[in-house]
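All ligand and atom numbering here is 1-based and tracks the order in the structure. The figures that follow rest on heavy atoms only: side chains count, while hydrogens, waters and symmetry mates do not. What you are looking at is a predicted structure, and each value in this text was computed from that prediction instead of being measured.
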Amino acid sequence: MSYKAAAIIIAAVLFWGLALGLRIEAEGFWDFPPNLPPEEYGNLIINRTSEKNGVKAVTFSHWSHRRKHTCRVCHSELEFNMKLNTTEITEESNKAGRFCGACHNGKLAFGHGKADCEKCHNGNRSYGKGKFSELSHFPKTVAGNKIDWVKALEKGLFKPSVYLKDRPSDFPFEKKLLLQAEWLNIPPAVFPHKEHIQWLDCNNCHPDIFNIKQKTTKHFSMPFILGGQFCGVCHLSVAFPLNDCKRCHPDMTQ
Ligand code: HEC
Ligand code: HEC
Ligand code: HEC
Ligand code: HEC
Ligand code: HEC
Ligand code: HEC
C-alpha cells in the first residue's frame, strides 16, 4: 500500500470515528429533547389565562392541524407566535373570528357553543390521539411524529391549505444551502428552501430567525440550536427533531 493510500484510510477512520464518537457523546453532552410518543410530539397545552380564569387548559395538536393547514396559515396569516403561551388568544377574540375562531366557527371546524368548550378546554395533551392511526399509511421516519411530512406532501397523501383569506404571492425560491459547520470534520448541514416554503412564508424565518445573507447569522451552532434558536425554533417541537442527525447532516453515518 502506498503511503498516500494509507494516509487516506487513516484519515477516513479518524473522521468517521470522530463523527460517531461525537454522536454518542452528543446525546449525553448536549441536552436533547425528551422522546415523546409520536402521537404527542407537537401537542401543546395552552395555559396563559385558562386556569387563572377557572377553565381547564387548552389542548392543541400540530399533527392534527398540519394535515389540513400549512404553518403559514396560522403563523403568518392568523398571527400565532411560534412560542407557547405568548399569543394573546382570548375567548373574546376567538368568538370574534380571530385566532382559533378563524376556523372554529361552526363552519370550517366545530364552533364555540356550550357543547364545544370541553373539546378545547380539557387539559389533556393527548386529546384526539385516536385519529393518529389515520396517518399510519404515511411514509415513516425515526423521530418526532415518526412521519415523513415532506414525502407525504410530495406524494399528495394530504393537501393542506396555503391560506384562508389572504392568498400569498407566489415567490418560488428553491436555493439549497450547505451550512458548513465550524468544527473540523463535521459534515455540513443542508438547508433546502424548497421543502420549507411549501409550509412557511419567507417572513416566518427572515429576518427574525436568520439573516438573508448566508453565514452572517451569529452564533449559528448546535448549542444554540438545541437551546431553541435558529433551526431549533421548529426542529425541537414541531418539525422532525434534532435527534434525526442524518436528515440535516446527510453525510453523517447515522
Ligand atoms: C391551526 C393552526 C396552526 C398550524 C397549522 C400550525 N401551528 Fe404552530 N402553533 C399554533 C398555536 C396555536 C401555537 C401556540 C401559540 C401560543 O401559545 O402562543 C403554536 C406554536 C408553535 C410553536 C412553539 C411550540 C412550543 O413548544 O413553544 C412552533 C415551533 C410552531 N408552532 C411551529 C409550527 C410549524 C413548523 C407548523 C407547520 C408544520 C405549525 N406550527 C403549524 C398553531 C398552529
Ligand atoms: C377552539 C377551541 C376553543 C373552544 C371551543 C373554546 N375555547 Fe375558551 N379559549 C381557547 C383558547 C386557545 C384560549 C386561550 C387560553 C390560554 O391562553 O390559557 C381560551 C380562553 C378562554 C378563557 C380564559 C379567559 C378569556 O376570556 O380569554 C375562558 C374563561 C374560556 N376560554 C372559556 C370558554 C368557554 C366557556 C367555552 C365554551 C362556550 C370555550 N372557552 C370554548 C380556546 C377555546
Ligand atoms: C386554520 C384553521 C384552524 C385553526 C386556526 C384552529 N383549528 Fe382546531 N381544527 C381545525 C379543523 C379543520 C379541525 C378538524 C375538524 C373538526 O374537528 O371540526 C380541528 C380540530 C380541533 C380539535 C379536535 C381534536 C383534533 O386535534 O383534531 C381541537 C381540540 C382543536 N381543533 C383545537 C384548536 C385550538 C385550541 C385552536 C387555537 C389555538 C385551533 N384549534 C385553531 C382547524 C383549525
Ligand atoms: C435541523 C437540522 C439539524 C439536525 C437534525 C442536526 N443538526 Fe447539527 N448542525 C445543524 C446546523 C445548521 C449546524 C451549524 C452549521 C454551521 O456552522 O453553519 C450544525 C452543526 C453541528 C456540529 C458542529 C458544531 C457546532 O456546534 O456548530 C455538530 C458536531 C453537529 N451539528 C452534530 C449534530 C448531531 C450529532 C446531530 C444529531 C444528534 C445533529 N447535529 C442534528 C443542523 C442540524
Ligand atoms: C425555515 C426558514 C426559512 C424560510 C421559510 C426561508 N428561508 Fe431563506 N434562509 C434560511 C436560512 C437558514 C438561510 C441561511 C442563513 C445563514 O447562513 O446565515 C437563508 C438564506 C437565504 C438567502 C441567502 C442565500 C445565499 O446564498 O446567501 C436568501 C436570498 C433567502 N434566504 C431568501 C428567502 C426567500 C425569498 C424566502 C421565501 C420564499 C425564504 N428565504 C424562506 C431560512 C429560511
Ligand atoms: C420555521 C420553522 C423551521 C425552521 C426555523 C427550520 N425548519 Fe427545517 N423544516 C421545517 C418543516 C415544517 C419541515 C417539513 C418536515 C417536518 O415537519 O418534519 C422542515 C424540513 C426540513 C428538511 C427537509 C428534510 C427532507 O426530508 O427533505 C431539512 C433538511 C431541514 N428542515 C433542515 C433545517 C435546517 C438545517 C434548519 C436551520 C438552518 C431548519 N430546517 C430550520 C420547519 C423549519
Side-chain angles (χ1 to χ4, degrees), residues 18-20 22-27 29-30 32-33 42-48 58-75 77-89 94 98-111 116 118-122 124 127-132 143 149 160-161 163-164 177-191 196 198-200 204 210 214-215 217 219-226 228 230-249 252 254:
L18 184 67
L20 186 68
L22 259 170
R23 186 193 143 81
I24 294 161
E25 218 170 83
E27 306 258 9
F29 171 70
W30 284 330
F32 279 86
N43 288 7
L44 307 177
I45 289 290
I46 305 175
N47 193 12
R48 193 181 59 92
V58 172
T59 182
F60 177 85
S61 155
H62 270 98
W63 60 258
S64 152
H65 284 85
R66 69 185 292 187
R67 295 169 72 179
K68 307 218 165 79
H69 307 282
T70 55
C71 325
R72 74 159 303 282
V73 170
C74 289
H75 289 293
E77 196 177 339
L78 300 180
E79 300 181 313
F80 285 107
N81 300 328
M82 281 192 184
K83 193 157 177 51
L84 182 59
N85 293 328
T86 61
T87 314
E88 295 185 15
I89 315 166
N94 278 339
R98 285 188 68 201
F99 299 122
C100 317
C103 301
H104 287 280
N105 53 13
K107 291 183 203 124
L108 286 172
F110 63 81
D116 299 312
E118 287 229 337
K119 293 179 191 160
C120 293
H121 291 280
N122 54 46
N124 177 1
Y127 182 80
K129 75 171 179 190
K131 286 202 255 174
F132 196 67
W149 292 101
S161 74
Y163 69 102
L164 288 181
L177 307 175
L178 269 189
L179 305 170
Q180 198 64 53
E182 273 156 28
W183 290 16
L184 209 62
N185 286 344
I186 296 303
V190 289
F191 179 85
H196 285 90
Q198 292 171 323
W199 294 97
L200 294 152
N204 287 124
F210 302 105
Q214 202 180 348
K215 287 308 274 187
T217 306
H219 305 303
F220 190 179
S221 64
M222 283 302 275
F224 288 91
I225 295 174
L226 281 160
F230 312 121
C231 321
V233 170
C234 299
H235 287 281
L236 280 171
S237 51
V238 178
F240 69 84
L242 289 164
N243 316 50
D244 197 349
C245 316
K246 234 176 124 54
R247 260 180 112 183
C248 289
H249 299 277
M252 269 191 196
Q254 47 175 322

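At least one heavy atom of Cys103 sits less than 4.0 Å from an atom of ligand 3. Remark: distances from the non-hydrogen atoms of Thr86 to ligand 1 include one below 4.0 Å. For the pair Ala102 and ligand 3, no heavy-atom separation below 4.0 Å is found.
Contacts between Leu78 and ligand 3, counted as non-hydrogen atom pairs separated by less than 4.0 Å, involve the side chain only. When non-hydrogen atoms are compared, ligand 1 lies under 4.0 Å from the side chain of His75 (C-beta onward) but not from its backbone. At a 4.0 Å heavy-atom cut-off, ligand 3 touches Phe60 through the side chain alone. In Leu84, the parts holding a heavy atom less than 4.0 Å from any atom of ligand 1 are both the side chain and the backbone. Within the 4.0 Å heavy-atom criterion, the part of Ser64 lying near ligand 3 is the side chain and not the backbone. Using a 4.0 Å cut-off between heavy atoms, Ile186 contacts ligand 4 through its side chain alone, with no backbone atom that close. At a heavy-atom distance under 4.0 Å, only side-chain atoms of Leu44, from C-beta outward, approach ligand 1. The proximity of Ser221 to ligand 4, defined as any non-hydrogen pair under 4.0 Å, involves the side chain as well as the backbone.
When hydrogens are left out, the protein atom nearest atom 29 (C) of ligand 1 is Val233 O, 3.0 Å; that is the closest non-hydrogen contact. What sits closest to atom 16 (C) of ligand 1 on the protein, heavy atoms only, is Asn85 N, 3.3 Å. Summary of contacts: the protein heavy atom closest to atom 14 (C) of ligand 3 is Lys68 NZ, 3.6 Å. Nearest to atom 28 (C) of ligand 3 among the protein's heavy atoms is Phe110 CZ, 3.7 Å. The single protein non-hydrogen atom nearest to atom 32 (C) of ligand 1 is Val238 CG2, 3.6 Å, given as residue, atom name and distance. Protein heavy atom at the shortest distance from atom 38 (C) of ligand 3 is Cys100 SG, 2.7 Å. In terms of protein heavy-atom proximity, atom 24 (C) of ligand 3 is nearest to Tyr127 CE2, 3.9 Å. If you check which protein heavy atom lies closest to atom 18 (O) of ligand 1, you get Thr87 OG1, 2.6 Å.
For ligand 4, the atoms closer than 4.0 angstrom to any heavy atom of Cys248 are 1 (C), 2 (C), 3 (C), 4 (C), 5 (C), 43 (C). Residue-ligand proximity, Leu242 to ligand 4, at heavy-atom distances under 4.0 Å covers atoms 1 (C), 3 (C), 4 (C), 5 (C), 6 (C), 37 (C), 38 (C), 41 (C). The contact set between ligand 4 and Phe220, taken as ligand atoms under 4.0 Å from a residue heavy atom, comprises 12 (C), 14 (C), 16 (C), 17 (O). Taking a cut-off of under 4.0 Å to the non-hydrogen atoms of His69, the atoms of ligand 3 that pass are 1 (C), 2 (C), 42 (C). Atoms of ligand 4 found under 4.0 Å from any heavy atom of Met252 (numbered from 1 in listed order, with element): 32 (C), 33 (C), 34 (C). Less than 4.0 angstrom separates some heavy atom of His235 from each of these atoms of ligand 4: 1 (C). Near Leu108, meaning under 4.0 Å from one of its heavy atoms, ligand 3 places the atoms 12 (C). Within ligand 3, counting atoms from 1 as listed, the ones closer than 4.0 Å to a heavy atom of Phe99 are 5 (C). Here is the list of ligand 4 atoms found below 4.0 Å of a heavy atom in Ala189: 10 (C), 11 (C), 12 (C), 42 (C). Each of the following atoms of ligand 4 lies closer than 4.0 Å to a heavy atom of Pro223: 26 (O). Atoms of ligand 4 lying under 4.0 Å from at least one heavy atom of Asp244, given by number and element, are 5 (C). Taking every heavy atom of Val58 and a limit of under 4.0 angstrom, the matching atoms of ligand 3 come to 35 (C). The distance from ligand 1 to the heavy atoms of Thr70 drops below 4.0 Å at these ligand atoms: 5 (C).
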Side chain to side chain contact (heavy atoms under 4.5 Å, CB included) between Thr59 and Asn43: does it pass, once the steps are laid out?
CA-CA 7 Å; Thr59 182; Asn43 288 7; 5.8 Å; no
What do the steps show when you test Phe110 against His104 for side chain to side chain contact (heavy atoms under 4.5 Å, CB included), and what is the final call?
CA-CA 5 Å; Phe110 63 81; His104 287 280; 3.5 Å; yes
For Val58 and Asn47: C-alpha separation, side-chain torsions, deciding distance, then whether side chain to side chain contact (heavy atoms under 4.5 Å, CB included) applies.
CA-CA 6 Å; Val58 172; Asn47 193 12; over 6 Å; no
Tell me, with the steps shown, if Tyr127 and Lys119 meet side chain to side chain contact (heavy atoms under 4.5 Å, CB included).
CA-CA 8 Å; Tyr127 182 80; Lys119 293 179 191 160; 3.7 Å; yes
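Residue His65 places no N or O, backbone or side chain, under 3.5 Å from any N or O of ligand 1. No N or O atom of Asn81 sits closer than 3.5 Å to an N or O atom of ligand 1. When only interatomic distances are considered, the shortest N/O to N/O separation between Ile89 and ligand 3 does not fall below 3.5 Å. Of the polar atoms of Gln180, at least one N or O is found under 3.5 Å from an N or O of ligand 4, judged by distance alone. Considering backbone and side-chain N/O of Met222, one or more are found under 3.5 Å from N/O of ligand 4. For ligand 1, the polar-atom distance check finds no N/O of Arg66 at less than 3.5 Å from any of the ligand's N/O atoms. Checked by distance only, ligand 1 and Trp199 stay at 3.5 Å or farther apart across all their nitrogen or oxygen atoms.
Cys71 contributes atom SG, which lies 13.5 Å from atom CD of Glu77 (distance to the nearest 0.5 angstrom). Rounded to the nearest 0.5 angstrom, Ile45 CD1 and Asn122 CG are separated by 7.0 Å. Expressed to the nearest 0.5 Å, how far SG of Cys248 lies from CZ of Phe240 amounts to 4.0 Å. Interatomic distance, SG of Cys74 versus CG of Asn81, reported as 12.0 Å (0.5 Å rounding). Between Met82 atom CE and Asn204 atom CG the span is 4.5 Å, to the nearest 0.5 Å. Interatomic distance, Asp244 CG to His249 NE2, rounded to the nearest 0.5 Å: 11.0 Å.
No other N/O/S atom of His249 lies as close to atom 8 (Fe) of ligand 4 as NE2 does.
Ring planes of Phe210 and Phe191: tilted class, angle from 30 to 60°. In this structure, Phe99 and Phe80 have tilted ring planes: the angle between them lies in the 30° to 60° band.
Looking at Gly232, Cys71, Ser237, it is Cys71 that brings a heavy atom closest to atom 36 (C) of ligand 1. If you check each of Ala109, Cys74, Cys234 against atom 2 (C) of ligand 1, the one with the closest non-hydrogen atom is Cys74. Checking Lys119, Lys131, His62, Lys129 against atom 27 (O) of ligand 3, the nearest heavy atom belongs to Lys131.
Among the backbone and side-chain atoms of His104, an N, O or S atom lies under 2.8 Å from atom 8 (Fe) of ligand 3.
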